[in-house]
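First up is the structure itself, then whatever we jot down about it.
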Amino acid sequence: MFILELTYTAPLDRVDAALDAHVAWLEQHYAAGHFLASGRKQPRDGGVILASVEDRATAERITEEDPFVAAGVCEYRITEFVATKTAPGLEGYREQLPA
């Protein structure tokens with residue numbers, strides 16, 4: 001499981017200019033089963049995506065394909081974690097700690 005944290009590196013007018021393409025990219029990854037939740041940070045200086053992908057290399061590749069990255073309006077911080085507990089309905093995402 002990964003937390004993909006975006007931080008805007010450009011003014012909001014430039015972010016908004018790339019927003020439609022970013023939303024389409026989000027939808028593509030929701031459809032592929034990669035993303036579980038996403039949204040803007042408050043205050044609006046970036047966003048957060050909860051992703052379930054097989055490894056860090058995949059998480060990095062996915063973030064590199066974000067239209068926000070291509071437009072030069074954000075940077076990503078990727079945090080991997082082991083989801084040992086989940087809310088009801090998310091049991092399929094629970095992981096075991098390595099031995």
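Residue numbers run from 1 in the order of the sequence given.
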Looking at R61 and D55, is there a salt bridge between them, counting it only when a charged N and a carboxylate O are closer than 4.0 Å? no
Would a single hydrophobic cluster contain both F81 and V53, if residues Ile, Leu, Val, Met, Phe, Trp and Tyr are joined by side-chain heavy-atom contacts under 4.5 Å? no
Smallest separation among heavy atoms of P67 and A21, with atom names: CG-O, 3.4 Å
Would you please say whether a donor-acceptor pair under 3.5 Å links the side chains of T63 and D66? no
Could you give me the CA-CA distance, side-chain angles and deciding distance for R40 and D45, then say whether side chain to side chain contact (heavy atoms under 4.5 Å, CB included) is met? CA-CA 8 Å; R40 293 178 178 173; D45 62 1; over 6 Å; no
Give the minimum heavy-atom separation between L4 and A59, together with the two atoms involved. CD2-CB, 4.3 Å
Between F35 and W25, how do the two ring planes meet: parallel, tilted or perpendicular, split at 30° and 60°? perpendicular
Which atoms form the tightest heavy-atom contact between A37 and Y30, and what is the distance? C-OH, 3.0 Å
Determine whether more than 12 heavy atoms belonging to other residues, nucleotides or ligands lie under 6.0 Å from atom CD of E54. yes
Taken to the nearest 0.5 Å, the spacing of E91 CD from T86 OG1 works out to 5.0 Å
Inspect the surroundings of CD in E80 and state if more than 12 heavy atoms from other residues, nucleotides or ligands are less than 6.0 Å away. yes
Output the distance between atom OG1 (T84) and atom CE (M1), rounded to the nearest 0.5 Å. 10.5 Å
Heavy atoms only: give me the nearest R56-F2 pair and the separation to one decimal. N-CZ, 3.4 Å
Tell me whether L12 shares a hydrophobic cluster with L19, the cluster being built from Ile, Leu, Val, Met, Phe, Trp, Tyr side chains joined at under 4.5 Å. yes
Can you spot which of I3, L26, I78 makes a side-chain contact (heavy atoms from CB on, under 4.5 Å) with I49? L26
Atom pair CD1 (I62) and NE2 (H29), whose distance is rounded to the nearest 0.5 Å: 5.0 Å
Taking R77's backbone N and O only, do any of them form a donor-acceptor pair with E5's side chain (distance below 3.5 Å, no angle check)? no
For the atom pair CD (E60) and OH (Y76), what is the distance rounded to the nearest 0.5 Å? 13.0 Å
Kindly compute the distance separating OG (S38) from CG (L6), expressed to the nearest 0.5 Å. 9.5 Å
Heavy-atom closest pair (V69 atom, C74 atom, distance to 0.1 Å) is CG2-SG, 4.1 Å
For the atom pair OH (Y8) and CZ (R44), what is the distance rounded to the nearest 0.5 Å? 4.5 Å
